[in-house]
Amino acid sequence: MSNGKKMKVAVLTSGGDSAGMNAVVRAVVKTAIIKGCETWIVREGYEGLVRGNSEGHRHTNSVAEKGHTSPRVKGTESQETEGFVHNLRFGDGELLKDGTGDHPGGRTLKGRYIVRVGWDDVRGWFSEGGTLIGTARSVAFRTREGRLTGAHNMIKEGIDALVVCGGDGSLTGADVFRAEWPGLVNELHNEGKITDEQATKHAHLKIVGLVGSIDNDMSMTDLTIGAPTALHRICESIDNINSTAYSHSRAFVLEVMGRHCGWLALMAAVSCGADFVFIPENPPDADKWADEMCTMIQSHRDIGKRKTIVIVAEGALDSKLQPIRAEQVKDILSERLGLDTRVTTLGHTQRGGRPCAFDRILPTLQGIEAVEALLDATPDTPSYMIGVRENKITRVPLMEAVKMTREVAQAISEKDFEKAMSLRDPEFRESLQGFFATSRLENEPRLPHHLRMRVAIMHIGAPAGGMNAATRAIVRYCIRQGHKPFAIHNGFVGLLDDNVHQLSWLGVDNWTTRGGSELGTNRKLPDVDLGAVAAKFQQYNYHALIMIGGFEAFSSLQILEQGRKHYPAFNIPMVHLPATISNNVPMTEFSLGSDTSLNALVDACDAIKQSASASRNRVFVVETQGGKCGYIATMGALATGACIVYTPERGIDLDMLRNDVKFLKRRYALDAKGKNEGRLVIRNEVSSDVYTTEVITKMFKEEGGALFDSRSASLGHTLQGGIPSPTDRTRAVRLSLKCMNFVEKHHEQLLKQQSRSKQAPPESAAIITVQGTSVEWVPVQDMVEHADMKNRRGKKAWWEGHRELVEALVGRPQILAKG
Ligand code: ATP
């Protein structure tokens, strides 16, 4: 992280609360301090800005006011360190965290809405749901008078930059505030409420927005902060309901949040394999939907399905814009189909709870970007909203995003549903298509006979969350199109043993929620006996192969593609869908299973951290899997706030360990007295043969002396996770349907070849990858160049720079620079 000019930055959370808001506050506060800024939080959203601090509660402990040397941007190391140490804690974090605002020692937040906070005040905020600094819907701030008071309160504290985390309303408020700001300053100046100097210094307001909303209803960003956690909560509930629905052969109608946006409902439907879904963007025909729903659900029941799940978004409408209510759906299912039907309204349980891994990582990266955007801001730049596209943090003009978001509601109210869909991100439409493809039973296959294929599906390597969901989606899609899906059990060894069987629509029904591998996996590559493998391909007359797995699947694809020269049976489209918790497949930023694994790590580390700080100061060295790829360790460290991470890419040496011990000692010495602190160190299991987890733990224990103790924990196979995360399930559906489109396209092209012996082009053996903002196909021949075959990982890792973020967010450079 580079340094920037000094600002006084305040952060507030506004509108409905969402998981991840605390991670935003933490990231903004820490990044701003690193950049040499002073940091504030505003309690209770805009309402706190309007209320400000009552007399006598103005802060006097800013660096400048205390007579310290300011932590200059490009100052010497010791100046930076001094600034860092000064900004360590102001003691208000505990008040905010204990929820009462009152402290036994007499400190109180009463009458203080704009509160100075330091580095340690936001420690440990990661794992808390909701927002610790409070949120509100402020009527006063909607008025110019209220905003004038808000501006005055900010100027009194010297604050010149504001980060707002909230929904579209809050971001609209932010834009209005910034647009009005020069006028507000003028008015305050004319009324003599601020000095000439203040008027000059505060001529412009720097403002940036982050979208905190569980609905994922903001345009120009793929995800809003809190939406992934809300989806987790919904899926947990539905997974629990599934078993009781099955037991009693019942139907359940679930109402989920989403007034103008069906994202939660749709993703829950895809993740949980629901039978029907109602969302505002895709309203069914008002006169036909009841019939259509009954026909669909009856068709599922006719083939023996015992349970029925229908998901209704809070704001679901029909084509005449009449609301569709869960109770209404229930009555229809009970009366027309005679199903024992229950309604479950999930309500506020969807909002709360511990943030999932993504709602820790995304807000952290976005919080960092928000501070960067503030530092870059000039009077001529627009206010930005920080968004995300696939795996890239973006800056988009705030008002443009708000305008586009409003247009969705407008389009729905004008019955322009096509426009409403087009204003959502591309994933939304693909997910809807994915839902239809995996939930609808057709009377007639969609493809003509000559285009129908026999599709082989195989799991290779270690199990990973989402493998089964992907297989289910492929099977369902195949049946809908008229293809025949075949499971090859236990990889290539299974194929040679004829461990093959055709999969059915109902047979894969519950597979979305199942961890592990329903097909069974094996690490053996096809060169175990390539000729025999080719003979089996021929015997079973496969037209396409889909391999779901990690590095072995990629290696297998390479072998099969090269084998085309000798074995005509491999002249078929063949794809690899990356699925591995290690996320070590080259060129793709995500593999199925890596999100499930990160969540398993976060769950375990939250519990470990709790135990680590329960009795005394303790450093826990947590060992993770991941092969020779440090992805899980690094992203896990970012998601849990670990202070050190060891990866195979970087290795471990003595100098490093010496600095790590120095860092830990200094850090513990800076801690508040009388308070136990637990800290995490994450070590990939093959980071070093010599400096093992045991050695490092003992070293820390020895060196920690009276300051801190050390223990270790190995997460081992628990990292494969139990039930796959909703992200892995939805990603599985989306990517596997793209795989099917790919093999269909290449199959059709092969059919057009005139000669009897078809020659599949190299690009028809490819890996599906997520790269930056798009999904890309990479022919296996091209992929080889990007692979480090010896270490079984990509030559480049997009996440490698995140290790520096892990270190930056624990203040390591500043603490080590302290003489
Ligand atoms: P959610 O998506 O959870 O509803 P939101 O941010 O959209 O969150 P709102 O209640 O619409 O929630 O807005 C939050 C606050 O933002 C309002 O209480 C108000 O103080 C402020 N705000 C909203 N719109 C405006 C506006 N046009 N001008 C000034 N302030 C506004």
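Counting starts at 1 for both ligands and their atoms, following the listed order.
Using a 4.0 Å cut-off between a side-chain N of Lys or Arg and a carboxylate O of Asp or Glu, Asp595 and Arg731 do not qualify as a salt bridge. The residues Glu327 and Arg325 are annotated as not salt-bridged, no charged nitrogen and carboxylate oxygen being separated by less than 4.0 angstrom. With respect to Asp160 and Lys8, no salt bridge is recorded, no charged nitrogen being found less than 4.0 Å from a carboxylate O. Under the 4.0 Å criterion applied to side-chain N and carboxylate O atoms, Asp239 and Arg729 are assigned as salt-bridge partners.
The residue among Glu180, Arg351, Arg142 with a heavy atom at the shortest distance from atom 17 (C) of ligand 1 is Arg142. Between the choices Ser170, Gly15, Cys261, Gly209, the shortest heavy-atom distance to atom 6 (O) of ligand 1 belongs to Ser170.
Of all atoms in ligand 1, listed by their number and element, those nearer than 4.0 Å to a heavy atom of Thr172 are 27 (N). Atoms of ligand 1 lying under 4.0 Å from any heavy atom of Ser14, numbered from 1 in the order shown and given with element: 14 (C), 15 (C), 16 (O). Within the listing of ligand 1, atoms 16 (O), 20 (O), 21 (C) sit less than 4.0 angstrom from a heavy atom of Tyr46. Near Ser138, the atoms of ligand 1 lying under 4.0 angstrom from a non-hydrogen atom of the residue are 17 (C), 18 (O), 19 (C), 20 (O). In summary, the atoms of ligand 1 found under 4.0 Å from a heavy atom of Asp168, numbered by their order in the structure, are 7 (O). Each of the atoms 2 (O), 5 (P), 6 (O), 7 (O), 8 (O) of ligand 1 lies under 4.0 Å from some heavy atom of Gly167.
Between Gly169 and ligand 1, an N or O atom pair is found at a separation short of 3.5 Å.
The aromatic rings of Phe276 and Phe278 sit tilted, their planes meeting at an angle between 30° and 60°.
The closest approach between Glu47 and ligand 1 stays at or above 4.0 Å for every heavy atom of the residue. Residue contacts with ligand 1 do not include Arg144, since none of its heavy atoms lies under 4.0 Å from the ligand.
Among Thr229, Thr364, Thr224, Asn22, the single residue meeting the side chain to side chain donor-acceptor pair (under 3.5 Å) criterion with Asp359 is Thr229. Screening Lys419, Arg424, Arg429 for a side chain to side chain donor-acceptor pair (under 3.5 Å) involving Glu281 leaves a single residue, Arg424.
Looking at Phe141 against ligand 1, both its backbone and its side chain come within 4.0 Å, counting heavy atoms.
Residues Leu346 and Met257 have side chains not in contact (no heavy-atom distance under 4.5 Å, counting atoms from C-beta outward).
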